[in-house]
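In what follows, every heavy atom counts, from backbone to side chain, and hydrogens, waters and symmetry copies are set aside. In the text below, chain A, chain B and the rest are named by the order of the sequence lines, each starting its count at 1. Quick caveat, the model's predicted, so the values are computed rather than measured.
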Amino acid sequence: MSYKEYKNLNYAQVADDVLQFWKANRVFEKSVETRDGQPTFTFYEGPPSANGKPGIHHVMARAIKDIFCRYKTLQGFQVKRKGGWDTHGLPIELQVEKELGITKDHIGKPASEGGISVEEYNRRCREAVMKFTDLWNDLTEKMGYWVDLENPYVTYHNEYIESLWYLLKKLYDQGLLYKGYTIQPYSPKAGTGLSSHELNMPGTYKDVKDTTIVAMFRVKPSEKAQLLASADGTPSYILAWTTTPWTLPANSALTVGKDIDYVLVKTFNPYTHEPVQVVLAQALVGRWFNEKGQDGDFEGYAASDKKLTPWTILKTFKGADLEGIEYEQLLPYVQPEKPAFRVILGDFVTTEDGTGVVHTSPTFGADDFRVAQANGIPPIMVRDENGKEVPIVDRQGRFVQEIGEFGGRYVKEQYYSDEEQADPEFRPTDVLIAIKLKEEGKAFRVEKYEHPYPHCWRTDKPVLYYPLDSWFIRTTAKKDRLVELNKTINWIPESTGTGRFGNWLENLVDWNLSRSRYWGTPLPIWRSETGEEVCIGSVAELKEMVELSNRRMIELIKAENRTEWNAYLEKNNSIIQQLNNSTIDLHRPYVDEVYLLSESGKLMQREPDLIDVWFDSGAMPYAQWHYPFENKEIFDKAYPADFISEGVDQTRGWFFTLHAIAGMLNDSVAFKNVVSTGLVLDKNGNKMSKRLGNAVDPFDTLATYGADATRWYLITNAEPWDNLKFNIDGIGEVQRRFFGTLYNTYSFFALYANLDGFDFDGRRTIPVSERPELDRWILSKLQSLILEVEQQFEDYNPTKAGRAIQDFVNDHLSNWYVRLSRRRFWNTAEAPDKRAAYETLHECLTTVSKLMSPIAPFFADWLYRNLTKETDLSVHLTEFPPAERDLIDTDLETSMQLGQDISSLVHSLRKGHKIKVRQPLTKVLIPVLNETTRRQIEHVAPIIQSEVNVKAVEFIDDASGILKKKIKPNFKTLGPKFGPKMKDVAATINAMTEDDIRKLEAAGSLSLAIGEITMQDVEIRTEDVPGWLVASEGSLTVALDVTITEELRREGIARDFVNRIQNLRKDRDFDVTDKITITLENNNAVLSNAIEANRPYICREVQAQSLDLVTDLNGNATEIEMDEFLLRVKIEVV
RNA sequence: GGGCUUGUAGCUCAGGUGGUUAGAGCGCUACACUGAUAAUGUAGAGGUCCGUGGUUCGAGUCCACGCAGGCCCA
């Protein structure tokens, strides 16, 4: 066979060619099929949203996924990879709205008003979402990401939605799906909630002057409250500031910061002048107390004009000390159903403003709601006529009747008409509350305060933060189990699992599933006004329920003449038809037109919400297989995942939803190993964005550099969980430095293997034990590399695996093994040594191709297939090479390291004395203090000799008596022994004489003034050989004999001459095997003597059949300068 | 504001459990090699290890507090 040789390698072309080969031979499919019956390794593909173009970070993320799937395949596992698309959600809706130039307001309105039907709108969404799939498929292919794109899961498909319904029903049946509320911006005048999107519109935030109150919450005596108790019975109050006094009747807790410093202040109520003790944050004392009053005249206060209130700080403590202290309800209109009114801890408390204590009303603040739920604090609510719990402010923005004198009043003055507000008697509700609190001695300060406050863009009135209906998954019920399960997951990096994810689980709140949108999975719950509900878990159930409802309707229409239901009946019949011929679409608006009838004959309509798209993606382990309606056995085998990987920003997204659903429904983890990857930033460390124009187009990059260098760069430059500063120059460097070197190494091999007709099937014909040192060394290194790469892949660290391969190829294989072995390949005669060299190099290259194939799949396959005889075999169908541990020879590796270090030192010495390598020298002298080192160096002496062009490597040992020794303290062993006396010890050791050292060496220990030291406590090395040129590094010292004898001089000239002739051969384009004749003008005695003395050597090196010295060349000579000589020479091919 | 994370040469990154002289590649400078040749080798210059305190005989490494960047959350 012959090995393919290439002129100029085009890496992008290599990738293209290999891709064609993969396609033609179904290599991906085969890599899965051939593993039939083997253990499975399950990978879950986190579905990308196909509504945007892919970026370079997607190449990064998908390279990680690909690497471990390929690696596990090499290890013999069957790795199925089903692709998927995330197709629902707000980004798609917004994109469609942008395209159509509409807003959410237009949806559902008649076309005559510029509106669009839900049906049409959703049709547009469905089209938009797959817009970029071609682009994505193209990228997937070009970057070499192996994933099944033929049968991907698609979240908007009916089958997918049906699986989601099944899961939701399971949650529902376990009581884990419930209707509650969340605090959302709400516009009472418009009667609608506002999205964060709407709240971010310009002009929404306006400065308003509100009445603010520092309210006084009276502390209840208790054991915990001893901290705040007074000796004389003066009551203690906790101060909390609010800009929304109307929320005070709904207060049910006070929140403080755990680590914030608080003080107890003795003072007087500024309105009632009663003596009081109050609690607030230390940092904010100055905000509420006049400096002049500090430690003022308490005794004389009663008699004074009360302008200056005296105060004094009694004690200081942390927020944590306040936790659990109870207080009296401030405005006791409505009693909660569970114990409330105590101090809790929250991470959102600041000391920037207010008192460092946050008045907490779970019905009117998002933070309040969250922290209350986490601490089991109930909201203050009343029951409406249906017995349903409602907040104390109605949907029009008025207090309910239960709120005594304030019942029926608007909580915001702006909700009153202009006329009402103009009435001189008019008082805003906030002011009335302030007056009441002042009178009751529960107000510490009332003042106007200007601050920005959001307004409804439709009505221009202030919004309320208000509880709106939402459906929740009761994740808190399983919190402990989710935390426990998380501990069994192998997170990479670990900190994401324990920190970011772990903390998130610890502070878990119920998962709000509701989204008030159009394009998404509809919540399959139908509900009557009286609260009767049914949750539908499959298409079959839906059909059954519609049919049942229809029968009930028909009955009731007859019995009670409910003719208005005829319309529903008609709609339902149409649905049944669609169900029967499978044309049903489980999206809005169709499912909204299913009308069910409860057992008691009440009309049930679908809850209008859609579910959070994160539920879509978190349910993919089940829904991708349409489980449990199909593929049960496939699901069972492919659950949970062995491995997933996504960006760290998915921690609370996909990672969480996968974990939550699996934990709640299967009491198991969804994934065992997870790699969370960092961001890809631009080369200056800025986030890439289209707006800044610094986004990198992955297609350009792949076209320029090919997938391999791109992937290699992305993976080896930084560990994947670190942010990567993407610099395109880095890819070029990888290409030159790593792929270039590897390519060169292969080319070198191919060139000579073809010349020699080297034929090899990969089975060693020369036992490793019979190969030269150099071969055994590189094979030993190769085995070590295999172990290292395997370990790193097992640890999910592709960066270290890649770097190890790179170091092997560059430093060991190319720069040392090939460079030093070149002469062996030039040998024209058949020789075992030459064959050994070929086999060794072939094995190294083949193995490298396997090791690198997960990271650089195209190039690796190119390399592998160039080296192997079986042309239809791909490296991706092979097995990961098992390391042959018995070939690892650490002693030899140390030897070679010494050889390299010694060579480097000699080079350095030559350099310092301007003696070029072509000038042979007599010897290097190496001081050795132990036999092992000596033997190790002797092993590689021939290599050193040829590498640095010296005739001999000699040793001097202690016995010679001429070695100069230096002693250094070994701090590591001395430290524990001497501790604080280290400085003295070190000085004493450094001052030891040669005599002392000899004594120490002889006895193995030595008593010094400061104590006894042993050989372990010091490092003895030689750093000088008197009379020689010396260089040292670490414990290694090398002395070089630089005397150039006449004979050496001649030899040097001969080498120079060979060099010039070789250049000439090359200039003349002679063939490597051409034999020549040389005629040289004899114009210098030194030169001719040198040539005569080395005639056989010269002729052999330049393949000359004759070398004649003549007096005159008659003008047809080539002139070449050579140091002080002028060569006039003529060469001819025989 | 909170959680997590990063900060080492001009650039990109290494630096188990603390050990006194902090490394590599690229880039730069110089040289060598010229039968791997648009390749290769060798040497050199280049550092307040983000800052300030602390623990220790000894801190790039451990602790505290900051500063700057990043992500997520509020």
With both distances kept under 3.5 Å, what pairs with [N], Watson-Crick or G-U wobble?
| N | result |
| --- | --- |
| B:A45 | none |
| B:G27 | none |
| B:U56 | none |
| B:U40 | B:A32 |
| B:U61 | none |
| B:C4 | B:G70 |

Could you give the distance separating [M] and [N] at their [atom1] atoms, to the nearest angstrom?
| N | M | atom1 | answer |
| --- | --- | --- | --- |
| B:C50 | B:C26 | P | 24 Å |
| B:A24 | B:A38 | P | 29 Å |
| B:U6 | B:A14 | C1' | 16 Å |
| B:A22 | B:U5 | P | 29 Å |
| B:G23 | B:A45 | C1' | 16 Å |
| B:G19 | B:U61 | C1' | 11 Å |
| B:A43 | B:G3 | C1' | 49 Å |
| B:C63 | B:U55 | C1' | 7 Å |

Would A:Arg287 count as a cation-pi partner of A:Trp241, with NZ or CZ less than 6.0 Å from the six-membered ring centre and within 45° of the ring normal?
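Because its charged atom sits under 6.0 Å from the ring centre and within 45° of the axis, A:Arg287 does stack over A:Trp241.
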Take the protein atom [atom1] of [X] and the nucleotide atom [atom2] of [N], then report the distance between them rounded to whole Å.
| X | N | atom1 | atom2 | value |
| --- | --- | --- | --- | --- |
| A:Phe739 | B:A39 | CZ | P | 18 Å |
| A:Phe501 | B:G3 | CZ | P | 19 Å |
| A:His812 | B:G25 | NE2 | P | 12 Å |
| A:Gln900 | B:A24 | CD | C1' | 15 Å |
| A:Asp811 | B:U40 | CG | P | 13 Å |
| A:Leu813 | B:A39 | CG | C1' | 15 Å |
| A:Trp491 | B:U5 | CH2 | C1' | 15 Å |
| A:Asp729 | B:G25 | CG | C1' | 14 Å |

With distance as the sole criterion, is a donor-acceptor pair present between the side chains of [X] and [Y] under 3.5 Å?
| X | Y | answer |
| --- | --- | --- |
| A:Glu5 | A:Asn754 | yes |
| A:Trp816 | A:Asp811 | no |
| A:Asp756 | A:Tyr838 | yes |
| A:Gln806 | A:Trp712 | yes |
| A:Ser814 | A:Thr741 | no |
| A:Gln897 | A:Asp901 | yes |

Report yes if some heavy atom in the side chain of [X] is under 4.5 Å from a heavy atom in the side chain of [Y]; otherwise report no.
| X | Y | value |
| --- | --- | --- |
| A:Cys844 | A:Phe808 | yes |
| A:Val371 | A:Val358 | no |
| A:Thr677 | A:Trp721 | no |

Just to be sure I understand the rule, does [X] reach a base, reach only the sugar-phosphate, or reach nothing, if contact means heavy atoms closer than 4.0 Å?
| X | result |
| --- | --- |
| A:Asn744 | base |
| A:Ser747 | nothing |
| A:Arg822 | base |

Output field: ring centroids [X]/[Y] closer than 6.0 Å:
| X | Y | value |
| --- | --- | --- |
| A:Phe726 | A:His57 | no |
| A:Phe825 | A:Phe748 | yes |
| A:His812 | A:Tyr817 | no |

Minimum-distance nucleotide (side-chain atoms of A:Arg736 versus B:G3, B:U12, B:C26):
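So the nucleotide nearest the side chain must be B:C26.
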Where the side chain of A:Ala718 is concerned, which of B:C13, B:A36, B:A14 is the nearest nucleotide?
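Between B:C13, B:A36, B:A14, the one nearest the side chain of A:Ala718 would be B:C13.
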Look at A:Arg910 and B:C31 and indicate whether a side-chain polar atom (N or O) is within less than 4.0 Å of OP1 or OP2.
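Looking at the OP1 and OP2 atoms of B:C31, neither is under 4.0 Å from any side-chain N or O of A:Arg910.
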How far apart are the closest heavy atoms of A:Leu724 and A:Ala718, and which atoms are they?
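Closest pair (atom of A:Leu724, atom of A:Ala718, distance): CD1-CB, 3.9 Å.
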Is there a donor on the side chain of A:Gln1103 or the base of B:G35 sitting less than 3.5 Å from an acceptor on the other?
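Counting by modelled atom types and ignoring angles, a donor-acceptor contact under 3.5 Å is found here.
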Tell me, for nucleotides 64-74 of chain B in 5' to 3' order, what letter each nucleotide earns: B for a base near a protein heavy atom under 4.0 Å, S for only sugar-phosphate near one, - for neither?
------BBSSS
What protein N or O atoms touch nucleotides 41-44 of chain B N or O atoms at under 3.5 angstrom, if any, and at what distances?
from	atom 1	to	atom 2	distance (Å)
B:A43	OP1	A:Ser904	OG	2.5

Under a 4.0 Å heavy-atom cut-off, which of residues 1054-1062 of chain A touch RNA chain B?
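Contacting residues: A:Asn1059, A:Gln1062.
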Quick one: on RNA chain B, does A:Arg803 or A:Ser495 contact a more 5' nucleotide (nearest heavy atom)?
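Taking each residue's closest nucleotide, the earlier one in sequence belongs to A:Ser495.
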